[in-house]
Amino acid sequence: MAEDKPKGLQEKLEKNVFALLLMVAFVLSIGGIVEIVPLFYLENVLEDNALASDGSPRFPELAGVRPYTPLELAGRDIYLREGCYACHSQMVRPLRDEKERYGHYSLAVESKYDHPFQWGSKRTGPDLARVGGKYSDEWHVAHLLDPRSMVPESVMPRYRWLKDAPIDVVSLKKRVGAMKAIGVPYSEKEIADVSTAVAGKTEMDAMVAYLQSLGTMVKFREGRDYRE
Ligand code: HEC
């Protein structure tokens, strides 16, 4: 008996594995598009764009989010270079245990000048989104030189070379310029003054400045949601 010719779309797809794969990819992408595309044009994806009925900013404390200083930006780049993100996330989830441990959950606006953002999900070590101000600068230096001197059971590697490494000013200036090119509001003067801003600083100074800035730009009220 001769095999039936496939009839109808469904039967054709089920008998051709490539057509089926294409169709599956197409159908699944609809879900992605519906979730992602609105984020490109909705105004209040960034919480600081929310306006009160009189047109003033609804949450003025969110205006505290600022670009990193050149020194902090240098620290951030060292954070990327050293792969700190392989063990540390920077996003407090809106779950009770996270809020009790780290503080207010992370808002999108807090990483609006972070390119690329460091949210992540791998946590061999604790989340660092709110580590700024938690310890002294001296603690961070001692911890980065030898984590076990501060936390005996730590598995974090040592980062001893940061202490004597000078900051690469020439490339830092370009990197600040690159941030400006993608929309971070640095002024021409700030870019021109990069070398004075980081004069005499080491990579360790930059890393500590960066860590101390994390999570400190919005002044959240203790135990309160930012919308309350
Ligand atoms: C192999 C995984 C690993 C890597 C890579 C790593 N860390 Fe850690 N980190 C940990 C662990 C585990 C802890 C918790 C124990 C401790 O405090 O040392 C920690 C703790 C910390 C803390 C203290 C957090 C707190 O709230 O107590 C800071 C700050 C920190 N790391 C910064 C860094 C920086 C900066 C880098 C990159 C230069 C880095 N870490 C790389 C694993 C890692």
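Counting convention: from 1, in listed order, for ligands and their atoms alike.
Each of the atoms 15 (C), 16 (C), 17 (O), 18 (O) of ligand 1 lies under 4.0 Å from some heavy atom of Val151. Atom numbering of ligand 1 starts at 1 in the shown order; those under 4.0 Å from a heavy atom of Tyr135 are 25 (C), 26 (O), 27 (O). Atoms of ligand 1 found under 4.0 Å from any heavy atom of Lys134 (numbered from 1 in listed order, with element): 25 (C), 26 (O), 27 (O). Atoms of ligand 1 found under 4.0 Å from any heavy atom of Met207 (numbered from 1 in listed order, with element): 35 (C), 38 (C). Counting atoms of ligand 1 from 1 in the listed order, those under 4.0 Å from a heavy atom of Val155 are 12 (C). Close contacts of ligand 1 with Tyr159, meaning ligand atoms under 4.0 Å from a residue heavy atom, involve 4 (C), 5 (C), 6 (C), 37 (C), 38 (C), 41 (C). Close approach of ligand 1 to Thr124 (heavy-atom distance below 4.0 Å) involves ligand atoms 12 (C).
Between the side chains of Trp119 and Ser111, at least one donor N or O lies within less than 3.5 Å of an accepting N or O. Using modelled atom types and a 3.5 Å distance limit, the side chains of Ser171 and Lys173 yield no donor-acceptor pair. Side chains of Tyr105 and Asp225: a donor on one and an acceptor on the other come within 3.5 Å. With 3.5 Å as the limit, one finds a donor-acceptor pair spanning the side chains of Gln212 and Asp137.
On a distance-only criterion, Trp139 and ligand 1 share no N/O pair closer than 3.5 Å. By the 3.5 Å distance cut-off applied to N or O atoms, Glu82 is not counted among the residues near ligand 1. Taking only nitrogen or oxygen atoms, main chain and side chain alike, Asp127 does not reach within less than 3.5 Å of ligand 1.
The pair Arg123-Glu98 meets the salt-bridge criterion, with a side-chain N (NZ, NE, NH1 or NH2) lying under 4.0 Å from an Asp/Glu carboxylate O. At a threshold of 4.0 Å, the pair Lys112-Glu47 does not count as salt-bridged, since none of the basic side-chain nitrogens sits closer than that to a carboxylate oxygen. Looking at Asp97 and Arg101, no side-chain N of the basic residue comes within less than 4.0 Å of a carboxylate O on the acidic one, giving no salt bridge.
Within 6.0 Å of NZ on Lys201 lie no more than 12 heavy atoms contributed by other residues, nucleotides or ligands. For CZ of Arg58, the number of neighbouring non-hydrogen atoms (other residues, nucleotides, ligands) closer than 6.0 Å is 12 at most. Sparse packing is recorded around CZ of Arg96, with 12 or fewer heavy atoms of other residues, nucleotides or ligands lying under 6.0 Å away.
How far OH of Tyr159 is from CD1 of Ile78: 12.0 Å, rounded to the nearest 0.5 Å. Asp114 contributes atom CG, which lies 8.0 Å from atom CE of Met179 (distance to the nearest 0.5 angstrom).
The nearest non-hydrogen atom to atom 43 (C) of ligand 1, considering only Ala86, Cys87, Gly83, comes from Cys87. Distances from atom 29 (C) of ligand 1 to the heavy atoms of Arg123, Arg130, His140 put His140 nearest. Proximity annotation for atom 35 (C) of ligand 1: of Gly75, Cys84, Ser154, Cys84 comes nearest, heavy atoms only.
Closest to atom 7 (N) of ligand 1, if we only count protein heavy atoms, is His88 NE2, 2.8 Å. Counting protein heavy atoms only, atom 42 (C) of ligand 1 is closest to Met156 CB, 3.6 Å. Protein heavy atom closest to atom 11 (C) of ligand 1, with residue, atom name and distance, is Gly125 CA, 3.5 Å. Of the protein's non-hydrogen atoms, His143 CE1, 3.5 Å is the one closest to atom 22 (C) of ligand 1. Shortest contact from atom 14 (C) of ligand 1 to any protein heavy atom: Pro126 CD, 3.5 Å.
At a heavy-atom distance under 4.0 Å, only side-chain atoms of Leu128, from C-beta outward, approach ligand 1.
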